[in-house]
Amino acid sequence: MKSVVVVGAQWGDEGKGKVVDYLSGSFDYIARVAGGHNAGHTVIIDKDRYVLQLIPCGILRPKQHAVIGTGTVVDPAALVAEIATLSKAGIDVKGRLHVSNRAHLIFPYHRELDKAAEGARGANKIGTTSRGIGPAYEDKMARRGLRMCDLLDPELFRKKAAHVVAEKNRLARGAYGADIDFSGEVEETLRLGEKIRGYICDTAELLNRALDEGKSVLFEGAQGTMLDIDHGTYPYVTSSSATSGGASTGVGVPPTKIKNVLGISKAYTTRVGGGPFPTEMPDLEAKEVRERGKEFGAVTGRPRRCGWLDLQVLRYAKMINGIDSLVVTKLDVFDTQREIQVCVGYKYKGTPLKEMPALAEEYEHVTPEYKTLPGWNETTYGLKEGSKLPKAAIDYLRFVSDFLQVEIGMISTGPERDATIVPAGKIHTMLTYEQARNKVIEEVGKRKGPRATAAVSVWDALGLVLAQEVKTDREYPPFNRSTRDGYAVRSSEAVPDAQLKCVGEIKAGDTVRDVLTSGTCLQIMTGAAVPEGADAVVMIEYTSRENDVVRFERAAHQGQNIVPRGSEAAAAQAMLKPGMRLGYAELALAAQVGAVQLQCAQRPRVAILSTGDEVVLIDETPGPFQIRNSNSVSLAAQVRIAGGEPVILGNAPDRIEDLGAKIESGLKEDALVLSGGVSMGKYDLVENVLKAMGAEFFFDAVAIRPGKPAVFGVCQGKPVFGLPGNPVSTMVTFELFVAPAIDLLSGAVPRPLPLVEARLAEALKEKSGLAHFLPARVEWRGTVPEVKALKWQGSGDIAALAKANCFLVVPADRENIEVGERVAILLRKDVV
Ligand code: GDP
Ligand code: IMO
Ligand code: MG
């Protein structure tokens, strides 16, 4: 059951037609869900150009079924004309076109009313397509509409139509002082109805059945989010639901059956008709984009208004539609653009807006805040491979993807069907840090093998992983401990714990052998750990043993100091299980039960390689090698703290030979960490070398602002990490991804993220967007510790980093955090 909604993320004309045509080959049904022939979806196949208005684009494929759903409004004349046009082009719709019996009809008078209403609006006109869409939906909502099913019974249709005509005339007389001329409309509609009759059916039954049988459905949205009747720039909207929710109501397929939502956006923005448009370009620039992008209405031929990409609109569209993958179309239109502006936020009367204004009057006066990005000045027209995109184009796409925290699932580089890039994780596989961490755990977990073990003294075992259970004193002498020894005994009768008696009587001078052979005592031991098979431990204080002779400083009385199972020491033994990482507490426990040496898994060897050698100015501080060297040093320390053995490979400049040799030696170790990143585009050489060595990548960016290129893949069975160069991000991404991998490689269960709750001591103003880790200091005052973000200069501010003892997690959806609010912090392991 595959069901995907294609939705316009802007004001329509995003290129939905082209995208639906591209995708429709792998779907069984393609369904229009709302709107009418106000839509114009252009599809170009080889030399042929089709503009579909009502019938979904899937009809252009030979086997696909096309459905016009219940949420649409259908002008029978337009539908008959479209069927005829397709037929002329050699496309037969018979048996493949299905029109909902519940879809409402558009009559010629709806068109007249549309025009009249627009005329009456004067300067505030909406700029509708004059197809009668609004008035037809008005009748539907007023419950006086006529539907496809009415057409099937001409007699009933005439009767109902007479009622509607009478009611409409009463209204028209009131509003316009004149009757509407309906003469001929009813009979003409019935005549057209005869041509459509064969296509009319219950499309909700059809599509739900298809999905239940495992067939796939693509929902072809029309218009766009900002034209949606509920969520758009009301009243400058169309009259139907143009958002993903409309797909469910529009065809009667429940939301639980819809799997994915694909949002379509141009690399810029256009709008036809009136209404607010914050990022609209000045005339001259708009003219250029309009000409390059051929921005003239597919239905009305009207020049489209052109503007910069508006990430506020896309953020909103992502939220309203639940977009899980974004398609960027018309990238090629920017091929000659020197600089590109992207709107990253709005201000209204000087105050940043967090939400989309509801009032068109307010929206009209917002000031967009722009970020300027460089253009690429290279042709991308017709490109099919992501790897051939110019770096600046990738950076542009990345910026969009990072800002929105959404993957870019497809890029369109021309109107033709094959001018399409499907990155398949190449351009961007950006995960949230939780997802990325889970991916590392899943993939490394699949590949980890058994680890070599070695006996290590308790003193040296800190940070290592226990390979064998710690047994109590008999396995781990010495016997000459002097306190809290005891004897494990089994009760002679099966009695409840509460009545347990000391049945083995122990006297001063008894030897261990004596006790063991007394018949009821199972095992002698120290540390009061209860072994399997014993019911209790007799605690005898101030005892010592030498040469098997037990000495008592204080005599034990029968029944005294009986410690049932579950005593502290027993818990200690139960806790010291293979796979645990040995921290201070675990080592203390091991020592308490008498362990001197422990069998530990050997530390995984983690190769650290700094990559890249971009040119920087001499006086720039800190220089790239300073960053790289300091990164390697701090990474080595982190590797050790995390329980790994760092193997420093030094720096490898951007030359294939150097890189190849270094990476090869790194892959001999248990894991490879690249501190210069290996993300697509920027560090493509590293990526290419790894790919040539058979690497598979699972993600190449994480949603940590500003969208860090943190890479994780597997090459020759070894995990490979590319960490961002920025020291803070290096530390954070190490903790998030490399540390759990080291755990897994040592045979341990990955530690949970050391996220702790703290209270903010100083208000924080941060731009919303992505989760952000800021260097911070936490102090333990009271029950909830208090945290304060540190001022820092960005990338190279290692001094600030040195002061930090934690990282403050700024949530993705927050701008301001107030004093006293609870926030999450990631503790720095080496400090805390
Ligand atoms: P829709 O209403 O969302 O289907 O979009 P329209 O068909 O109304 O408008 C999109 C226009 O852009 C059409 O003329 C398409 O042929 C064209 N188009 C789509 N994708 C691209 C692209 O990547 N590059 C260029 N240059 N044109 C495109
Ligand atoms: P596709 O599916 C762009 C606009 C009209 C007008 C407003 C109301 O091709 O993306 P209406 O006739 O629907 O009452 O007009 O909506 N509009 C579109 N703009 N693309 C469309 O469809 C549109 N459908 C309607 O220009 O501003
Ligand atoms: Mg269009």
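Just follow the structure's listing: the first ligand is 1, and inside any ligand the first atom is 1.
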Q. Relative to atom 2 (O) of ligand 1, which among Gly40, Gly221, Gly17 owns the nearest non-hydrogen atom?
A.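 Among Gly40, Gly221, Gly17, the closest heavy atom to atom 2 (O) of ligand 1 comes from Gly40.
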
Q | Selection from Lys266, Lys330, Lys294 by shortest heavy-atom distance to atom 11 (C) of ligand 1 | A |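 Considering heavy atoms of Lys266, Lys330, Lys294, the nearest to atom 11 (C) of ligand 1 sits in Lys330.
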
Counting only nitrogen or oxygen atoms and a 3.5 angstrom limit, does [X] reach ligand 1?
X: Glu14; result: yes
X: Arg304; result: yes
X: Leu331; result: no

**Q.** Partner of Glu295 under salt bridge (charged side-chain N to carboxylate O under 4.0 Å, His left out), chosen from Lys266, Arg305, Arg271
**A.**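 For Glu295, the salt bridge (charged side-chain N to carboxylate O under 4.0 Å, His left out) test succeeds with only one of Lys266, Arg305, Arg271, which is Lys266.
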
Q: May I ask you to identify, for Lys16, whether its side chain, its backbone, both or neither come under 4.0 Å of ligand 2 on a heavy-atom basis?
A: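 Side chain only.
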
Q: Examine the proximity of ligand 2 to Leu227 and report which part, side chain or backbone, both or neither, has a heavy atom under 4.0 Å away.
A: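 Under 4.0 Å from ligand 2, Leu227 contributes side-chain atoms alone.
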
Out of all atoms in ligand 2, which are within 4.0 Å of some heavy atom of [X]? Include the element for each.
X: Ala222; value: 2 (O)
X: Gly127; value: 5 (C), 6 (C), 26 (O), 27 (O)
X: Trp11; value: 3 (C), 19 (N)

Q) What is the nearest protein non-hydrogen atom to atom 20 (N) of ligand 2, stated with its residue, atom name and distance? A)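 Answer for atom 20 (N) of ligand 2: Asp13 OD1, 3.1 Å.
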
Q.
Need the atom name: nearest N/O/S atom of Asp13 to the Mg ion (ligand 3).
A.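 Looking only at N, O and S atoms of Asp13, the one nearest the Mg ion (ligand 3) is named OD1.
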
Q) Backbone, side chain, both or neither: what part of Val43 comes under 4.0 angstrom of ligand 1, heavy atoms only? A)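 The answer is neither.
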
Q | Asp13 and ligand 1 - part of the residue with a heavy-atom distance under 4.0 Å | A |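 It is both parts that get close, each with some atom under 4.0 Å.
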
Q: Give a yes or no on whether Gly297 keeps an N, O or S atom under 2.8 Å from the Mg ion (ligand 3).
A: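 No.
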
(Q) Can you classify the ring geometry of Trp376 versus Tyr396 as parallel (below 30°), tilted (30 to 60°) or perpendicular (above 60°)? (A)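 Trp376 and Tyr396: tilted rings.
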
